[in-house]
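For reference, the structure is listed below as structure tokens.
Note that these values count all heavy atoms, side chains included, but never hydrogens, waters or copies made by symmetry.
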Amino acid sequence: MKLIQIQRDNLLKPLQAVTGIVERRHTLPILSNVLIERKQDQLLLMATDLEIQISTTGQAGQKGEDYAVTVSAKKLQDILRSLPEETEVTLDAQDSRLQVKAGKSRFNLQTLPAEDFPKLAEAKDVSCTVRLPQKALKKLLLLVQYAMAQQDIRYYLNGMLLVVESNALKVVSTDGHRLAFAALAIDQGQRNQEVILPRKAVLELSKLLADSDDEVTVEVAQNQARFAFSNIMLVTKVVDGKFPDYTRVIPTNYNNHFSIDRLRLLQSLQRAAILSNEKFRGVRLVLTENNLRIVSSNTEQEEAQEELEIEYAGAALDIGFNITYLLEILNNVDSEKVDCAFGDANSSALITIPGNSEFRYVVMPMRI
């Protein structure tokens, strides 16, 4: 029976929106599949990895019989990508096969029953709901997501803390070596709620959110968070754990500080990184009056030096950092200048944006 007849792009775009979380190899074969469900003239696509679920709805064209099937997300996506734009695509379901027809091309794909597809149960205990522009949430996530841990045994660090307060939405991430904090003022009278979002959900959300004023609705429950925007619903389980007290990590009383052009500092660090040790990625920042010297070296005794004139009247300092941590912050903020503040050679550095009290980046020093 004919499931849908649709323009290639009208199927490929929603398919790409949901398949980012699909794992290529899985112990459960159905988790490599996408659920395609037709209800009258509505089309639903859904993918899940049991922790995160993304679904999107759109028009299926002419009305037809209700039907649902699951098919390999990767194979269907590759087939649609390989077809010319503006191609008319027909999906026909027959027994345990899905036939994709486009012009004189035919592709027969194996299917698995839709009733076996494991949908996440919807949490009923939503404690707070926040609505904000998509671009505001996207910017907030991009300011902190690079500081999430990747495969830390402290599993609660492999994610991002989302804090909803009555007048602010806060996001925090840390891998134990650096910490990024960003906040956004909201005026929605919410009760305080904290959840840790998994790393994969945060990265997927950053990709899917648009740079537009269109609204995203954020719903937070005790063990689940939901994000609804642009016909997309992303549902994620939250990480069970206690996030470190970030307020104790952010220094407040540093006297040694300077302001510098962000791109100038970024380009100097990028050049210095060429000759940094590939394993330890160390760089030395040597501060003297009105001068910043950036020094890196490697095991072959090669060395790079950069000198920048700055307005600095604090104590002389020689302090080491992982250069990757400095490059990532400078690549992810879009301000013209950044403020850098230091305690002593054994204390963390604090990087902020001039005129923005809602962003903090703390990076621990390293011995070089």
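With Lys135 as reference, Asp213 is the one residue of Asp211, Asp213, Asp214 to meet the side chain to side chain donor-acceptor pair (under 3.5 Å) rule. With Leu317 as the fixed residue, the side chain to side chain contact (heavy atoms under 4.5 Å, CB included) test singles out one of Leu285, Leu287, Val286: Leu287.
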**Asked** Where do Ile260 and Val338 land on the side-chain contact (heavy atoms from CB on, under 4.5 Å) test, with the steps shown first?
**Response** CA-CA 6 Å; Ile260 191 168; Val338 290; 3.8 Å; yes
**Test log, rule side-chain contact (heavy atoms from CB on, under 4.5 Å), inputs Leu28 and Leu50** = CA-CA 10 Å; Leu28 276 176; Leu50 297 182; 4.3 Å; yes
**Message:** Test side-chain contact (heavy atoms from CB on, under 4.5 Å) on Glu88 and Gln7; report intermediate values, then the result.
**Reply:** CA-CA 5 Å; Glu88 187 92 350; Gln7 285 273 357; 4.1 Å; yes
**Request:** Apply side-chain contact (heavy atoms from CB on, under 4.5 Å) to the pair Asp261 and Leu308, showing each step before the final yes or no.
**Result:** CA-CA 10 Å; Asp261 182 86; Leu308 297 168; over 6 Å; no
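Looking only at side-chain heavy atoms (C-beta outward), Met160 and Leu141 come within less than 4.5 Å of each other. With a 4.5 Å cut-off on side-chain heavy atoms, Ser276 and Val283 do not count as touching. Looking at Leu169 and Val218, their side chains never come closer than 4.5 Å, going by heavy atoms from C-beta outward. Between Lys2 and Thr90 there is a side-chain heavy-atom pair separated by less than 4.5 Å. Between Leu269 and Phe321 the shortest side-chain heavy-atom distance does not fall below 4.5 Å. With contacts defined as side-chain heavy-atom distances shorter than 4.5 Å, the pair Ile54/Leu234 qualifies. Pro244 has its side chain within reach of Leu157: a pair of non-hydrogen atoms, C-beta onward, lies under 4.5 Å apart. The side-chain heavy atoms of Met46 and Phe117, taken from C-beta on, include a pair separated by under 4.5 Å.
The list of salt bridge (Lys or Arg N to Asp or Glu O under 4.0 Å) pairs with a residue in residues 64-77, not counting sequence neighbours, reads Lys74-Asp78. Applying the salt bridge (Lys or Arg N to Asp or Glu O under 4.0 Å) test to pairs two or more places apart or on separate chains, those with a residue in residues 264-287 are Arg271-Glu306, Arg284-Asp318. Pairs of residues two or more places apart, or lying in two chains, that qualify as salt bridge (Lys or Arg N to Asp or Glu O under 4.0 Å) and include a residue from residues 94-120 are Glu37-Lys119, Asp92-Lys101. Screening residues 139-160 for salt bridge (Lys or Arg N to Asp or Glu O under 4.0 Å), with sequence neighbours left out, gives Asp152-Arg154. Pairs of residues two or more places apart, or lying in two chains, that qualify as side-chain hydrogen bond (donor to acceptor under 3.5 Å, both in side chains) and include a residue from residues 285-295 are Asn291-Glu307, Arg293-Gln305. Residue pairs meeting the ring-ring contact (aromatic ring centres under 6.0 Å, His included) criterion with at least one partner in residues 149-175, sequence neighbours excluded, are absent.
Hydrophobic clustering, defined by side-chain heavy atoms of Ile, Leu, Val, Met, Phe, Trp and Tyr closer than 4.5 Å, leaves Ile153 isolated from every other such residue. Think of Leu120 as one node in a network of Ile, Leu, Val, Met, Phe, Trp and Tyr side chains linked at under 4.5 Å; its network also takes in Met233, Val235.
Atom CD of Glu300 sits about 8.5 Å away from atom CG of Asn277, to the nearest 0.5 Å. Annotation: the span from Thr236 atom OG1 to Asn223 atom CG amounts to 10.5 Å, rounded to 0.5 Å. Here Glu215 contributes atom CD and Phe229 contributes atom CZ; the two are 12.5 Å apart, rounded to the nearest 0.5 Å. Between Leu132 atom CG and Thr217 atom OG1 the span is 8.5 Å, to the nearest 0.5 Å. The structure places CG of Asn332 at 11.0 Å from CG of Leu327, a figure rounded to the nearest 0.5 Å. The distance from the CD1 atom of Ile353 to the OG atom of Ser335 is 4.5 Å, given to the nearest 0.5 Å.
In this structure, Ser96 contributes its side chain and Gln110 its backbone to no donor-acceptor pair below 3.5 Å. Judged purely by atom type and a 3.5 angstrom limit, Thr70 uses its side chain to pair as donor or acceptor with the backbone of Leu112. A distance-only check finds a donor-acceptor pair linking the side chain of Lys138 to the backbone of Ser206 [under 3.5 Å]. Side-chain atoms of Glu219 do not come within 3.5 Å of backbone N or O of Ala228 as any donor-acceptor pair.
By the criterion of side-chain heavy atoms lying less than 4.5 angstrom apart, applied directly or through intervening Ile, Leu, Val, Met, Phe, Trp or Tyr residues, Leu91 is grouped together with Leu12 in one hydrophobic cluster. A continuous path of ILVMFWY side-chain contacts below 4.5 Å connects Val34 to Leu11, so both sit in one hydrophobic cluster. No continuous path of ILVMFWY side-chain contacts below 4.5 Å connects Ile4 to Leu44, so the two sit in separate hydrophobic clusters. Both Tyr67 and Leu15 are members of a single hydrophobic cluster when ILVMFWY side chains are connected at heavy-atom separations under 4.5 Å. Leu142 and Met148 are assigned to two separate hydrophobic clusters, defined by single-linkage of ILVMFWY side chains at heavy-atom distances under 4.5 Å.
Summarising the geometry of Gln59 relative to Ile6, their closest heavy-atom pair is O-CD1, 3.7 Å, with the distance given to 0.1 Å. Of all non-hydrogen atoms in Val22 and Ala47, the two that sit nearest each other are CG2-CB, 3.7 Å. Residues Ala102 and Val89 share a closest heavy-atom pair of CB-CG2, 4.4 Å. A pairwise comparison of heavy atoms in Gly241 and Ile196 identifies O-CD1, 3.6 Å as the closest pair. Annotation for Asp344 and Ser347: closest pair OD1-OG, 2.8 Å, computed over non-hydrogen atoms. Scanning all heavy atoms of the two residues, the minimum distance from Ala147 to Ala180 falls at CB-CB, 4.0 Å.
Applying the side chain to side chain contact (heavy atoms under 4.5 Å, CB included) test to Pro84 and every residue at least two apart in sequence or in another chain returns Thr87. Ala168 is linked by a side chain to side chain contact (heavy atoms under 4.5 Å, CB included) to Glu165, Lys170, counting only residues two or more places apart in sequence or in another chain. Every residue meeting the ring-ring contact (aromatic ring centres under 6.0 Å, His included) condition with Tyr246, not counting sequence neighbours, appears here in chain and number order: Phe181.
Remark: Asp245 CG is packed, more than 12 non-hydrogen atoms of other residues, nucleotides or ligands lying under 6.0 Å away. Shown here is Asp125, whose CG atom has more than 12 heavy atoms of other residues, nucleotides or ligands within 6.0 Å. Within 6.0 Å of CD on Gln42 lie more than 12 heavy atoms contributed by other residues, nucleotides or ligands.
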Show me, pair by pair, the donor-acceptor contacts under 3.5 angstrom made by side chains of residues 358-368, not counting sequence neighbours?
from: Tyr361; atom 1: OH; to: Arg178; atom 2: NH1; distance (Å): 3.1
from: Tyr361; atom 1: OH; to: Tyr325; atom 2: O; distance (Å): 2.8

